[in-house]
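Below is one structure; the comments refer to it alone.
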Amino acid sequence: MRNKRNTFGIGIFNPKKEVNLGTLTRSAFIMGADFVFTIGGSESAYLGSDTTQSKRHMPFLRFASFEEARRVLWQYNFVAVEQGGQSLATFTHPKQAAYLLGSEVEGLPADAMEGSDAVVQIETFRPFSLNVAQTGGIVLYDRIAKFSR
């Protein structure tokens with residue numbers, strides 16, 4: 001059984017594309033996340049790309065604002081994943097983390113960046129952002145790899 005002091009979840013701020021949310025939810029479930037969340041976005045997001053039907057196996061939380069997410073998930077360290085942060089390669093993941101990914105179009109707003117406990121980025125060779133679902137999978141894999149050492 002998992003040590004409940006080592007728990008984590010991942011979410012997207014104002015998700016735009018259901019396929020990305022579904023793919024992230026599937027990856028989160030497979031990688032051992034305890035929950036998935038959204039801040040803003042559609043109330044009726046279709047998760048057709050989540051072939052594991054992970055919403056049946058772990059909580060899927062929806063928040064209206066970043067402040068609400070912080071209030072409800074008070075025991076978690078918020079880790080914003082956005083360009084301009086600390087390199088993920090050198091980042092030490094907190095035992096209890098809520099990873100927050102930016103919208104596919106707008107990224108993360110200033111209040112979410114400033115209100116997070118850490119900001120990390122995935123360094124790339126070219127100056128383009130990664131797909132939000134891919135980014136989430138990379139962050140979760142990095143967490144698993146570092147905790148299994």
Distance, nearest 0.5 Å, that separates CG of Leu88 from NZ of Lys146
5.0 Å
Once side chain to side chain contact (heavy atoms under 4.5 Å, CB included) is applied, do any residues pair with Glu114, and if so which ones, sequence neighbours excluded?
Ala110
Thr90: partners by side chain to side chain contact (heavy atoms under 4.5 Å, CB included), with sequence neighbours left out
Gln86, Ser87
Applying side-chain hydrogen bond (donor to acceptor under 3.5 Å, both in side chains) to Asp111 and not counting sequence neighbours gives none
Please list all pairs passing the ring-ring contact (aromatic ring centres under 6.0 Å, His included) test where one or both residues lie in residues 95-132, with sequence neighbours left out.
His93-Tyr99
Counterpart residues, side chain to side chain contact (heavy atoms under 4.5 Å, CB included), relative to Ser65 (two or more places apart)
Glu67, Glu68
Ala112 versus Leu100, closest heavy-atom pair with distance
CB-CD2, 4.0 Å
To the nearest 0.5 Å, what is the distance between CG on Asn77 and CZ on Phe8?
14.0 Å
Those residues at least two apart in sequence (or on a different chain) that pass ring-ring contact (aromatic ring centres under 6.0 Å, His included) with Phe63 are none
Tightest non-hydrogen contact, residues Leu101 and Gly136, listed as CD1-CA, 3.8 Å
Between Arg143 and Ala97, what is the shortest heavy-atom contact and its length?
NH1-CB, 3.7 Å
Salt bridge (Lys or Arg N to Asp or Glu O under 4.0 Å) partners for Asp117, two or more places apart
Arg70
Phe35 to Ala98 - nearest heavy-atom pair and separation:
CZ-CB, 4.5 Å
Atom CD of Glu106 and atom CG of Asn14: how far apart are they, to the nearest 0.5 Å?
5.5 Å
Shortest non-hydrogen pair, Ala28 vs Leu140, comes out as CA-CD1, 3.6 Å
Worked verdict on Phe37 versus Arg62 for side chain to side chain contact (heavy atoms under 4.5 Å, CB included):
CA-CA 6 Å; Phe37 66 99; Arg62 293 189 183 278; over 6 Å; no
Can you tell me how far OG of Ser116 sits from CG of Leu108, rounded to the nearest 0.5 angstrom?
7.0 Å
Looking only at heavy atoms, which two atoms of Thr38 and Pro15 are closest? And how far apart?
CG2-CG, 3.9 Å
Among all residues two or more places apart in sequence or in another chain, which pass the salt bridge (Lys or Arg N to Asp or Glu O under 4.0 Å) test with Glu123?
none
Tested for side-chain contact (heavy atoms from CB on, under 4.5 Å) against Leu61, the lone hit among Leu73, Ile39, Val72 is Leu73
Between Tyr76 and Thr7, is there a side-chain donor-acceptor contact under 3.5 Å, judged purely by atom types and distance?
yes
